[in-house]
Colleague: 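Got a structure for you, questions after.
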Amino acid sequence: MSERALTGLSWLPRAPDDFFAQCEALERSTGPAGRTVRALASTALDENRLNRLAKVVAALRAAPDALRPLTPFSLGIVSNATTHFLVPALVATAARHGLALECIEGGFDQALQDACDPGSPINRARPDAVLIALDHRGLPLRAAPGDEQAEEASVTAAVAHVDAVRRGLAANCGATCIVQTLARPVEPLFGSFDAVLPGTVRRLVEGFNRRIAERVRGSADLLLDTAVVAESAGLAEWHDPTLWNIGKIAFANACLPLYAEAACRLIAALRGKSRRCLVLDLDDTLWGGVIGDDGLAGIVLGQGDPTGEAFLQVQRAALALRERGIALAVCSKNEDEIARAPFRNCPEMLLREDHFSVFCANWEDKATNLRTIAKALSVGLESLVLLDNNPVERGLVRSLLPEVAVPELPDDPALYPRTLLSAGYFEAIAFSTEDRGRADAYRDNARREVLKEAATSVEEYLRSLKTVVDFRPFDADGRARIAQLIAKSNQFNLTTRRYAEAEIARMESDSTRFTLQVRLADALGDAGMICVVICVQEGEDWRIDTWLMSCRVLGRKVEEAVLDELVRNARERGVRRLIGTYLPTERNRLVEDLYGRLGFALLERKDNGTAHWALAVNAYTARDLPLSVSRSGNPAGRPSPAPDRHP
Amino acid sequence: MEDAILARLTEIFREVFGERSLSLSRETTASDIKGWDSLAHITLMLSVQRAFRVRLSAAETSQLKDVGTLADLLGSKQRRS
């Protein structure tokens, strides 16, 4: 199931084995069948099943009320290609979105006549909307490689043609127009140069798409971004020259389900049927592992671990949705206190408690909790989407609350965001200042862009990033990530000593060791734990046993900040010298001269490259660094120093 | 081999024409099946190509006389691949 591509509508559950039998039963049924039709439509239907379900809808339409509670919607279709195959795909897909769709087809390649003749079937039907499904091969887009003026004239003519169709429809039937962008053809003429040279087909299509989007913005009409649908499917799969030759069929029928889905989402959004709240499960959905069993230190989340990063991306996707006005809620089988702990105490978490409108962690079944959430938000169940990794819970909610959208999820959490976002539950046709007002990070992003422009030197840019480096001694929360960094850091690693998690645990309370776990956050986001240091007390010296750092924060003056912190602590404890060792490996040449750069004096360098360095603590002066420091940990028996700020 | 192709074709025809009781023989032609017009023929050919993982040209799909010639074409394509 996880292998299904977007063209197979991978977020939808598979169609039932008895799909065709259910269709026959529906046709024989009496009374409102809209709910059953919608449930059947809410599975991953291929072209043949879409066709079959469309026949059911057509049969039921004959009887009044048979399609209740689906919302009636009429759609005209004008085109310069064959639209025959679009109609059943659209009709069946619309039921998935709660619509009883009726289509009125225009004549083949008669878009302008259909629009401008008040007596055309489409204008007489006065549909709610008209889909202007034009193909690039039928537009006046003439390739003229190398001719910039011809490119401009060609794009202008094609856009004018679309404008004429829109004007005609507006005057004669007043319908909302849905204009579509053009899928870029696959075949290159020059190669990559097609993108550079004026007048190529590629540039004509791109120019047309850009202009059409500008035309639609600020009008009452809508844009169907067919170009992106085609790219998601894969352009080589989308374009089928045989079909074009046989019957002027604009794209491969295998892409019909995805195209119809994109079109019907727009129509549903126009009817206010887009969803409004993302409800999130917690364990193995927002982080790896089970918080109740594994505890804070055992859950997998954060930078540096591929699974941890995957879950961060899920959180990032949820935050991005929140920032465009989608409410977030939690629905988890957990003890409330335990479920809240990661949001409060886990520094890697992007989501915080105050991001959620409703937090439902208890042992009730999820259907009951989803009802509670809908009620608390004053929205219907059809406004909810549940993201849950557990197929059992998904099945339960789908059967008890078919109104709630529950995407199928692949096994790999790295694909959760794509699956959720490709499902298009939150399709929007506008973005208001009110939406933006809810979006804190949106504002921060804009600020960051301004800062980037203002930065005139590396130092200034670094300052503009508002980097905060956080120091704390080893503790149980950080243990797993410390162990992971110690196990896998190779490049910025002075000694490449590996320690098992149990040894690391013992260091937490070993008074002969001074340890640091270092996290970094900045205006661009949270990089998580990026550095680990272990010092061993030897007489009046500290021997730096381990110093490693994630290479992604190189060049940010983090090394300097770490040394400042070491010296500061060494002074407090009456330590006189820091002794640094470099043990060469195949991969750590990067830090061969780190201690020299930082002002240590060379004590000894052996033939094999091993070097020992020393730094007199009293002679050291702290640097002016483009970052600030925080110290959130408070080790047992030591006073917590007030945070000091570098200027 | 041929029986297997005919059985698979029967499944595909049933899906395309939404007719669960539809049956096929090598002699079945378009005039024997309700709804087998030129547009349904396109859907049919696409479904067949997907199921058998072969590609048929416009010339090949337009020269078919009956289900038997379709089965033979698919058989020869499969042997070649």
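Every value quoted in this text rests on a predicted model; they were computed, and no experiment measured them. The chains referred to below are lettered A, B, ... by the order of the sequence lines, with proteins before strands, and numbering in each begins at 1. The basis for the numbers below is simple: all heavy atoms, side chains too, and nothing from hydrogens, waters or symmetry mates.
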Colleague: Report yes if the side chains of A:Asp240 and B:Arg55 come closer than 4.5 Å at any heavy-atom pair, otherwise no.
Modeller: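 Of all side-chain heavy-atom pairs linking B:Arg55 with A:Asp240, at least one is under 4.5 Å.
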
Colleague: Is there a side-chain contact (heavy atoms from CB on, under 4.5 Å) between A:Ile246 and B:His41 once you walk through the steps?
Modeller: CA-CA 11 Å; A:Ile246 288 177; B:His41 187 65; over 6 Å; no

Colleague: For B:Ser62, which atoms come within 4.5 Å of any heavy atom of chain A: side chain, backbone, both, or neither?
Modeller: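 The answer is neither part of B:Ser62.
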
Colleague: Does a salt bridge link B:Glu15 with A:Arg49, judged by any charged N lying under 4.0 Å from a carboxylate O?
Modeller: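 A salt bridge links B:Glu15 with A:Arg49.
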
Colleague: Please classify the contact of B:Leu46 with chain A as side chain, backbone, both or neither, using a heavy-atom distance under 4.5 Å.
Modeller: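 Side chain of B:Leu46 only, per the 4.5 Å heavy-atom cut-off to chain A.
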
Colleague: Give me the atom names and distance for the closest heavy-atom approach of B:Leu39 to A:Phe85.
Modeller: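 Of all heavy-atom pairs spanning B:Leu39 and A:Phe85, the closest is O-CZ, 3.5 Å.
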
Colleague: Check each atom of A:Asn245 against the heavy atoms of chain B and say whether the ones under 4.5 Å are side chain, backbone, both or neither.
Modeller: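 The answer is neither part of A:Asn245.
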
Colleague: Side chain, backbone, both or neither: which part of A:Ala252 has a non-hydrogen atom closer than 4.5 Å to chain B?
Modeller: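 Neither the backbone nor the side chain of A:Ala252 comes within 4.5 Å of chain B.
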
Colleague: If I measure from the heavy atoms of chain B, does A:Phe19 come under 4.5 Å with its side chain, its backbone, both, or neither?
Modeller: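 Interface part for A:Phe19: neither.
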
Colleague: Ion pair present between B:Arg20 and A:Asp18, side-chain N to carboxylate O less than 4.0 angstrom?
Modeller: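 The answer is no: the pair does not qualify as a salt bridge.
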
Colleague: Going by heavy atoms in the side chains, are A:Glu47 and B:Arg50 under 4.5 Å from each other?
Modeller: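 Side-chain contact under 4.5 Å: yes.
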
Colleague: Between B:Thr61 and A:Thr242, is any pair of side-chain heavy atoms under 4.5 Å apart?
Modeller: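 The answer is no, as the side chains (C-beta and beyond) never meet within the 4.5 Å cut-off.
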
